[in-house]
Number of protein chains: 2
Amino acid sequence: MRAVTIKDIGKKLGINHSTVSRAINGDPRISVDTKRKVMDAVRDMKYTPNLAARGLIRGKSNTIAIITPSYFSNFSVDIMAGIEPEMIKTRYDVTYYTTSKYTTIGTQNKDSDLFAKILNERKADAVIVNGPIVGDPDILKRYKKAGIHIVYIEGKGDWGHRVHYDNQKAATMAVKYLADRGRKRIGLLVGNYEYVESMKERRDGYKKAMLDFTGKYDKDLTFSFYEDFGDACKNALMHFVDKKANAIYVATGDEDAIKVMAEAEKLGIKIPEDIAIIGQDDMKMAKIAGLTTIKQPISEMGKKAVELAVNAIEKNELKKMRDEIFYPELIIRKTTC
Amino acid sequence: MRAVTIKDIGKKLGINHSTVSRAINGDPRISVDTKRKVMDAVRDMKYTPNLAARGLIRGKSNTIAIITPSYFSNFSVDIMAGIEPEMIKTRYDVTYYTTSKYTTIGTQNKDSDLFAKILNERKADAVIVNGPIVGDPDILKRYKKAGIHIVYIEGKGDWGHRVHYDNQKAATMAVKYLADRGRKRIGLLVGNYEYVESMKERRDGYKKAMLDFTGKYDKDLTFSFYEDFGDACKNALMHFVDKKANAIYVATGDEDAIKVMAEAEKLGIKIPEDIAIIGQDDMKMAKIAGLTTIKQPISEMGKKAVELAVNAIEKNELKKMRDEIFYPELIIRKTTC
DNA sequence: TTGTAAGCGTTATCAT
DNA sequence: ATGATAACGCTTACAA
């Protein structure tokens, strides 16, 4: 079945379809009378515009794309919790892309291909990018030229607005709190800090804070992993025990911190008596697990990202890039004394 | 900046754009030579098709829409965890809609409006609907006529494929397990069973199982809430204590079960000694909280929904509706003895 | 205030 | 095997 078009409405009303279009789009030159007739017909005939056609001619999609490494990581979920209520207020649709599709081993696809696809297929008027995903400079230039806005959450590129978090301060807070309570041998569990910006910043913060608050930075107290945590968890804990750590700042997030807690329980290590643990992010699970952690206002960051994206679209802001930073907060629970 | 089109490619190669189109779409009548040239140009010029244009003429969107009450509820997240890896294998994009936008108080919007919008704007070739959202029969008829497929997860409508769960059996398993271990006064915490199909089924299962395994159904042992749980949690627990329950099956899910546990702790009620608790779904948090629960293979259900949707699109299956059912499993942890 | 006609990028239907 | 042209539904100069 064919859906109702403006031509159908025009035919029924005995007027031209362009008049219908103008009436629908609020063109001021249309007479109140025809406008009313058109609007009535729209309701009666259950007309809604074909956005493919509209997008084709306007070069706009009325859509904001969200790119995440995965839909369902804890981080993505919290970001979404912030994005959803904000998107609801707007007239934009949401399309989701995960980079996992574009980094599949065995194909030549890369993150850049996803950026290119969204650009060329005119799938979005703005793109919110979450995580360590970087469009290459060439693509970014094309986005700018095409007037498609970019907002990075916890990441950055040559061009685009930013919403990010003071990772260095987060690490500093963790170290200072532990050091103040007499824990001087603080281990750092961190991700791939050569590739992931946030991990680099947390590591830098940790390093400086160790010098400032314990007087000593011992590189043996850092354990980093590049792959899925899985078994590495056990290894990490063993490593810290071996190095006589009496505290750990799990910079990779609460989920890993909780995994470390589970390993400790198996090994009969008491938390916080033997080893204190501080997580990162304050995910829901941190509360359930009683984990002391450094909060990241992830949802608010998602909300702000939508604000920036919508603002950028409506004001077509392509030159002055906005940069919004959020700050950490210490949440004390039961894994520190 | 304009993106590269097939006309640009045609011009560069000195051939007609329709030939380019055919080459790209694998028309067998095209010569190997021109096909190669076209494909080279596609790569060099970084061409990707404008899907708005393609969608316009084909009447297809190459998109599957996902409708959930909210993006970020635990249930949605788990569904997505199943949907994502499956979608990655396909050539479809994902667009998200939450019904919250369409049930906002103060507007006349309804779920049906969302269905209508997706239909008329040709936003999707198939729709996966998650939760107690029902398109009205009229709209459904229009979907069928328009050839837009529907897959319900844990719900149903007059027309559409289904992926669902044996809720009745889930409740039966919970009751039987508790009764077998001597707990005969089992409370049921349930949602709005007049409106939500799954809640109705769980309640039915509970009722029958109480008769079968404890010999007695006492309606005072049922507590249902219609609104956000929040404070109702405390009331529920007090109610069950008052009615001398020695076990509770929290049919509304693990999250609520954990809230009940937290309330119990505040009140000095011992779990499982005083009251045993069984949750529902086996979310991630259930493991962290040590909650005994009835598993629902939510992710697998999401995966199956994508399979059904893609299959329906590609075979244009509009008459024979598929119905896939999944079964519960008891996961024993620490909140039952 | 309204009608006419061109055009967005693609695919489909004729030709050749 | 390829070219020319119409068509999808919409918006928008340009006319009237």
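Note that the coordinates shown come from a computational prediction; the quantities given were computed from them, not determined experimentally. Proteins get letters first, then strands, A, B, ... in listed order; numbering begins at 1 in each.
- Taking a cutoff of 4.0 Å between a charged side-chain nitrogen and a carboxylate oxygen, B/Glu300 and B/Lys303 do not qualify as a salt bridge.
- Here D/dG9 presents its P atom at 14 Å from NZ of B/Lys60, a figure rounded to the nearest Å.
- Checked for salt-bridge contact, B/Asp40 and B/Lys37 miss the test: no charged N lies under 4.0 Å from a carboxylate O.
- For A/Arg322 and A/Glu324, the salt-bridge test passes: some basic side-chain N is under 4.0 Å from an acidic carboxylate O.
- A distance below 6.0 Å separates the ring centres of A/Tyr96 and B/Tyr96.
- The nearest whole Å value for the distance from the CG atom in A/Leu56 to the P atom in D/dT11 is 11 Å.
- Using a 4.0 Å cut-off between charged nitrogen and carboxylate oxygen, A/Asp8 and A/Lys12 do not count as a salt-bridge pair.
- Contacts with DNA chain D (heavy atom under 4.0 Å) in residues 7-26 of chain B: B/Gly14, B/Ile15, B/Asn16, B/His17, B/Ser18, B/Thr19, B/Arg22, listed by number.
- When the C1' atom of C/dG7 is taken as reference, atom CZ of A/Arg58 falls 15 Å away, rounded to whole Å.
- Considering A/Ile118, A/Asp125, A/Val127 as possible partners of A/Ile148, the one that fulfils the side chain to side chain contact (heavy atoms under 4.5 Å, CB included) test is A/Val127.
- Rounded to a whole Å, the CD1 atom of A/Ile57 is 11 Å from the P atom of C/dG7.
- Not one N or O on the side chain of B/Thr68 forms a donor-acceptor pair closer than 3.5 Å with the backbone of B/Ser76.
- Of the residues in residues 28-55 of chain B, those placing a heavy atom less than 4.0 Å from an atom of DNA chain D are B/Arg29, B/Ile30, B/Ser31, B/Thr34, in numerical order.
- A side chain to side chain contact (heavy atoms under 4.5 Å, CB included) with B/Val20 is found for exactly one of B/Asn25, B/Ile6, B/Thr5, B/Leu13, namely B/Ile6.
- In this structure, A/Asp27 places its CG atom 10 Å from P of C/dT1, rounding to the nearest Å.
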